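Order of the sequence lines sets the chain letters (A, B, ...), proteins ahead of strands, with each chain counted from 1. Just so you know, these numbers come straight off a predicted model, no measurement behind them.
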Number of protein chains: 2
Amino acid sequence: MLPKFESIFSIDCVIFGFDEGALKVLLIQRNDPPFENWWALPGYFVEKNEGIQEAAERILFNFTGLTDIFLEQFYTFGDVDRHPQGRVITVAYYAMIRISSKDNLHPNTPFVKKAFWCPVNEIPALAFDHSLIFEKSLQRIRRKISYDPIAFELLPEKFTLTQLQNVYEAILNKKLDKRNFRKKMLSNGILKELDEKQHGVAFRAATFYKFDRRTYNKLFKKELTFSKE
Amino acid sequence: MLPKFESIFSIDCVIFGFDEGALKVLLIQRNDPPFENWWALPGYFVEKNEGIQEAAERILFNFTGLTDIFLEQFYTFGDVDRHPQGRVITVAYYAMIRISSKDNLHPNTPFVKKAFWCPVNEIPALAFDHSLIFEKSLQRIRRKISYDPIAFELLPEKFTLTQLQNVYEAILNKKLDKRNFRKKMLSNGILKELDEKQHGVAFRAATFYKFDRRTYNKLFKKELTFSKE
DNA sequence: CCAAAAGTGTTTTTGCTACACCCATGA
DNA sequence: TCATGGGTGTAGCAAAAACACTTTTGG
């Protein structure tokens with residue numbers, strides 16, 4: 001039989017975007033206590049009849065209006081006193097979205113005073129244990145980017161190699177060598193060169209590329225397959 | 001204000017051990033419905049007033065009698081229908097312990113009919129979504145072993161290089177070259193050669209080594225530090 | 001003396017690092 | 001014509017992979 005004790009649980013999302021050459025995170029300002037007016041990660045409670053992945057997608061949609069987003073669970077935070085009003089366990093997800101400067105986000109929730117894209121190295125003190133959650137998400141994507149092509153989720157479909165390098169540099173927080181970066185990126189065929197080039201720029205126009213997921217999946221499958229012995 | 005809906009949640013543990021050259025997992029046979037008599041991962045509900053890490057340690061202790069064990073959270077499973085009796089979200093941990101063939105485990109819980117160490121490639125169908133949980137844990141430790149010295153958690157304090165190689169081969173599920181393995185393991189100073197050797201074996205006695213955590217921590221710290229640019 | 005595992009080096013290949021100049025474009 | 005970022009190759013080094021025989025021990 002199921003026990004009598006129950007807990008509340010929630011989802012918190014670390015939503016990454018890339019804009020103006022910087023890695024950013026979507027923060028919201030809370031409208032209600034506890035932590036009224038504090039900055040926090042977008043998050044909300046999970047309904048009794050929805051799965052947690054589902055809930056994460058719903059919450060992401062409510063805060064950004066976006067669907068079909070790269071969204072991945074990375075850790076669950078369950079200290080007894082992490083929420084001042086009672087026991088709340090939270091499952092943390094990170095998401096990567098393409099910020100388009102045109103359309104602003106319309107958080108579809110009354111709990112939010114405002115939202116903004118905060119550069120990752122300027123994050124203020126956050127409500128609850130959200131600073132910890134954010135730190136853990138950064139650690140995770142730094143490791144993840146070395147074996148999984150998450151960088152492309154932050155870029156438009158067509159991008160230049162310099163843009164791609166900027167994403168890697170922002171996530172890894174270090175400068176990379178341009179020639180070595182290009183050599184490596186182009187060596188395995190996961191990028192497809194397009195006929196199109198930039199235009200209207202006051203310097204040599206860069207070639208656009210796109211991510212070739214088909215080729216990537218082949219390589220990845222191979223990586224997962226063990227050799228005969 | 002906190003919402004009215006609440007859920008139950010639990011911890012499930014994938015407890016790895018290494019014995020007779022094989023990687024094994026501790027399974028228990030359930031004593032009660034649902035899934036009465038089915039094999040399952042050790043797990044139990046989290047109390048209202050305990051943190052989840054705490055809860056994982058308690059549950060691990062109840063099933064093995066062991067404390068101070070390598071125990072790490074790896075994923076949370078929250079499908080609505082994963083438990084037939086109601087909404088139960090489970091936080092999954094994996095643990096690594098040294099199986100000593102002498103002392104048997106004494107599960108300190110009435111919910112268990114029996115327990116046994118099951119080789120990872122002979123796992124039967126498991127209760128709930130435990131097969132999925134187990135698969136995910138394997139994926140995790142396979143990746144983890146390439147950058148974190150978790151293999152030592154499975155071995156006694158003193159071990160031979162062949163034993164160590166066996167652990168790597170069992171986790172990675174492939175054969176490794178003996179000379180290259182030794183070269184690599186001995187190249188970075190994280191193993192300390194002992195004066196002691198095997199005895200009573202009908203072949204050349206192997207030298208014992210132990211893991212030098214001090215040296216490892218130095219290397220690891222260095223790895224986390226970013227270079228000047 | 002045999003069976004069984006311990007232990008040991010070298011060569012080849014591959015991937016990573018470091019490094020500097022010319023090109024195309026719009027203003 | 002100038003400022004700006006786009007684009008390119010090579011050499012040296014280090015790590016990984018491939019590969020087979022001798023040594024020690026107890027029975």
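Y44(B) has its ring centre less than 6.0 Å from the ring centre of F111(B).
Side-chain proximity of F203(B) to the nucleotides dC19(D), dT25(D), dT17(C) is greatest for dT25(D). Comparing dA4(C), dA18(C), dA18(D) against the side chain of K183(A) picks out dA18(C) as the nearest.
Projected onto DNA chain D by closest heavy-atom contact, Q198(A) and N180(A) fall at different nucleotides, the more 5' of which corresponds to Q198(A). Comparing R182(B) and V201(A) along DNA chain C, the residue whose closest nucleotide (by nearest heavy atom) sits nearer the 5' end is R182(B).
Judged by distance alone, with hydrogens and angles left aside, R179(B) brings no side-chain donor or acceptor close enough to the base of dA18(D) to form a pair under 3.5 Å. Residue-to-nucleotide contacts include no donor-acceptor pair under 3.5 Å from the side chain of K197(B) to the base of dT24(D). Side-chain N/O atoms of K178(A) and base N/O atoms of dG7(D) include a donor-acceptor pair closer than 3.5 Å.
A straight line from CZ of R204(A) to P of dA27(C) spans 18 Å, rounded to a whole angstrom. Atoms NZ (K175(A)) and P (dC19(C)) sit 16 Å apart, rounded to a whole Å.
Figure legend: cation-pi geometry between K158(B) and F208(B) absent, as NZ or CZ is not positioned both under 6.0 Å from the six-membered ring centre and within 45° of its axis. For the pair R98(A) and F159(A), the NZ or CZ position fails the cation-pi test of under 6.0 Å to the six-membered ring centre and within 45 degrees of the ring normal.
Using a 4.0 Å heavy-atom criterion, one finds that T207(B) contacts the sugar-phosphate atoms exclusively.
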Do R213(A) and E157(A) pass the salt bridge (Lys or Arg N to Asp or Glu O under 4.0 Å) test, and can you show the C-alpha distance, the side-chain angles, and the key distance before you say yes or no?
CA-CA 12 Å; R213(A) 192 168 292 276; E157(A) 203 189 349; over 6 Å; no

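Within residues 153-169 of chain A, the residues having any heavy atom closer than 4.0 Å to DNA chain D are, in order of number, T162(A).
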